[in-house]
Amino acid sequence: MTDSLVSIVMPVYNAAATLCRSIDSVLAQSHTEFELLAVDDGSNDASPRLLDDYAARDPRVHALRMPANGGVAAARNHALAVARGNYIAFLDSDDGWHPDKLARQLAELRTQSAQVSYTAYDRVAEDGSVLSRVRPPISVTYADMLKSNRIGNLTGMYDRTLGDARFQNVGHEDYVFWLERVRRAGRAICVDPGVPLAWYLVRAGSVSSNKIKAARWQWHIYRHIERLGLAASIGYMAHYVVNALRKRA
């Protein structure tokens, strides 16, 4: 194992329709030192067979199994527990990366002596058309992240010298995870905000499209996970609402 090994965490649940495209985007990376930890979370479609096929063809692909369906947080934590890389990245089984995503992030982390990085990404419809482009700021602090989640989980990467963390079984579990990462690191950096290095599939009726539920989750994070006071929570919630509207503008 070298100090450039990236462990890629991919939870999988009934993803046969999109799984191959996502895995292929990993295998096409110009940075080839990685392990793909694909965790099947009790699928009842062809996902387990597809994972086994990829693992048989490429030793960098590891097909893992959960004993029963436990949800995305548990599946990611299972992969994190066995990861061997010096860096951790995440990709869901219906999203994808552009070929230079890992290489560019690693280079930027080292150039800037940073521990957390992220990229711009496209939001795409099921027919492949681009709905919008998410252009995050060049860097963020913990206070910035409280105003709005600036790190798309499919773009985030961290250096394990930061120490490891676990996903909590809550709404916006990826946001809570990256809040903790940025708080500990002090800052996170973006790799060229104008260039999308990943694409996020937007499904009709997806959880992310339920704005009221998402707002309730956000309030819970402020009050019960980050334990902010009432006034601070209201202030950050106002920022959250404004930024959420801008993202969809």
Side-chain angles (χ1 to χ4, degrees), residues 1-2 4-66 72 75-76 78-80 82-109 117-134 151-158 174 191-192 195-204 206 208:
M1 182 175 70
T2 74
S4 295
L5 182 67
V6 181
S7 294
I8 302 160
V9 173
M10 177 183 286
V12 178
Y13 179 69
N14 288 346
T18 59
L19 180 59
C20 293
R21 185 171 57 172
S22 296
I23 293 180
D24 288 344
S25 77
V26 173
L27 299 182
Q29 291 297 299
S30 57
H31 178 82
T32 59
E33 294 180 66
F34 62 79
E35 59 174 7
L36 174 58
L37 305 172
V39 184
D40 184 74
D41 191 27
S43 297
N44 52 32
D45 67 355
S47 296
R49 177 181 58 78
L50 292 172
L51 291 179
D52 288 340
D53 288 346
Y54 273 101
R57 296 196 305 267
D58 193 319
R60 297 173 300 178
V61 179
H62 303 272
L64 309 177
R65 299 281 191 276
M66 294 292 285
V72 66
R76 288 176 181 154
H78 182 66
L80 288 172
V82 300
R84 299 179 301 121
N86 292 84
Y87 300 87
I88 302 290
F90 300 90
L91 182 65
D92 284 350
S93 55
D94 53 1
D95 302 328
W97 289 342
H98 293 287
D100 290 332
K101 192 260 190 188
L102 291 181
R104 294 191 63 180
Q105 278 192 283
L106 283 171
E108 199 70 13
L109 282 170
S117 74
Y118 53 96
T119 80
Y121 63 96
D122 285 332
R123 300 172 67 251
V124 302
E126 293 180 89
D127 63 3
S129 60
V130 176
L131 299 172
S132 63
R133 179 160 296 171
V134 179
I151 301 179
N153 193 59
L154 74 164
T155 77
M157 178 189 288
Y158 69 88
D174 54 340
V191 181
D192 195 344
V195 179
L197 295 178
W199 46 264
Y200 172 83
L201 180 63
V202 178
R203 297 178 183 271
S206 65
S208 60

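Quantities reported herein were computed from a predicted structural model and do not represent experimental measurements.
A salt bridge between R65 and D52 is present, with a side-chain N of the basic residue lying under 4.0 Å from a carboxylate O of the acidic one. Taking the charged nitrogens against the carboxylate oxygens, D53 and R57 have no contact shorter than 4.0 Å, which rules out a salt bridge.
Across all non-hydrogen atoms, the minimal contact from L154 to G96 is CD1-O, 4.3 Å. Residues P99 and Q29 approach most closely at O-OE1, 3.1 Å, considering heavy atoms. When all heavy atoms of G156 and K101 are compared, the pair lying nearest together is O-NZ, 4.2 Å.
In terms of modelled atom types and a separation under 3.5 Å, the side chain of W97 and the main chain of A28 share no donor-acceptor contact. With hydrogens and angles disregarded, a donor-acceptor distance shorter than 3.5 Å links the side chain of D45 to the backbone of A15. In this structure, S93 contributes its side chain and L19 its backbone to no donor-acceptor pair below 3.5 Å. Under a 3.5 Å cut-off, the side chain of S47 and the backbone N or O of A16 do form a donor-acceptor pair. Checking side-chain atoms of E108 against main-chain N and O of V191 turns up no donor-acceptor pair under 3.5 Å. Of the possible polar contacts, none joining the T119 side chain to the P196 backbone as a donor-acceptor pair under 3.5 Å is found. Of the possible polar contacts, none joining the N153 side chain to the D174 backbone as a donor-acceptor pair under 3.5 Å is found. A donor-acceptor pair under 3.5 Å is absent between the side-chain atoms of E35 and the main chain of V9, judged by distance alone.
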Could you walk me through whether D41 and H78 pass side-chain contact (heavy atoms from CB on, under 4.5 Å), step by step?
-> CA-CA 10 Å; D41 191 27; H78 182 66; over 6 Å; no
Worked check of side-chain contact (heavy atoms from CB on, under 4.5 Å) between R123 and V134 | CA-CA 7 Å; R123 300 172 67 251; V134 179; 3.9 Å; yes
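Side-chain contact between L91 and S25: present, with at least one pair of heavy atoms (C-beta onward) separated by less than 4.5 Å. For the pair V39/M66, a side-chain contact is recorded, criterion being any heavy-atom separation below 4.5 Å from C-beta on. The closest side-chain heavy-atom distance from I8 to L102 is below 4.5 Å. With contacts defined as side-chain heavy-atom distances shorter than 4.5 Å, the pair L27/R60 qualifies. At least one side-chain heavy atom of R203 sits less than 4.5 Å from a side-chain heavy atom of D94. Residues H31 and Y87 fail the side-chain proximity criterion, which asks for heavy atoms closer than 4.5 Å.
Note that the OG1 atom of T155 and the CD atom of Q105 stand 6.5 Å from one another [nearest 0.5 Å]. One finds the NE2 atom of H98 at 11.0 Å from the CZ atom of R104 (value rounded to the nearest 0.5 Å). From D122, atom CG reaches atom OH of Y200 across 13.5 Å, with rounding to the nearest 0.5 Å. With rounding to the nearest 0.5 angstrom, the CG atom of L201 is 10.5 Å from the CG atom of D92. Summarising the geometry, atom CZ belonging to F90 is positioned 11.0 Å from atom CD1 belonging to I151; distances are rounded to the nearest 0.5 Å. Atom OG of S7 is separated from atom CG of L37 by 5.5 Å, given to the nearest 0.5 angstrom.
Residues D24 and Y54 have side chains that bring a donor and an acceptor to within less than 3.5 angstrom of each other.
For the side-chain contact (heavy atoms from CB on, under 4.5 Å) test with D40, the passing option among L50, L64, N14, L51 is L51; the others fail.
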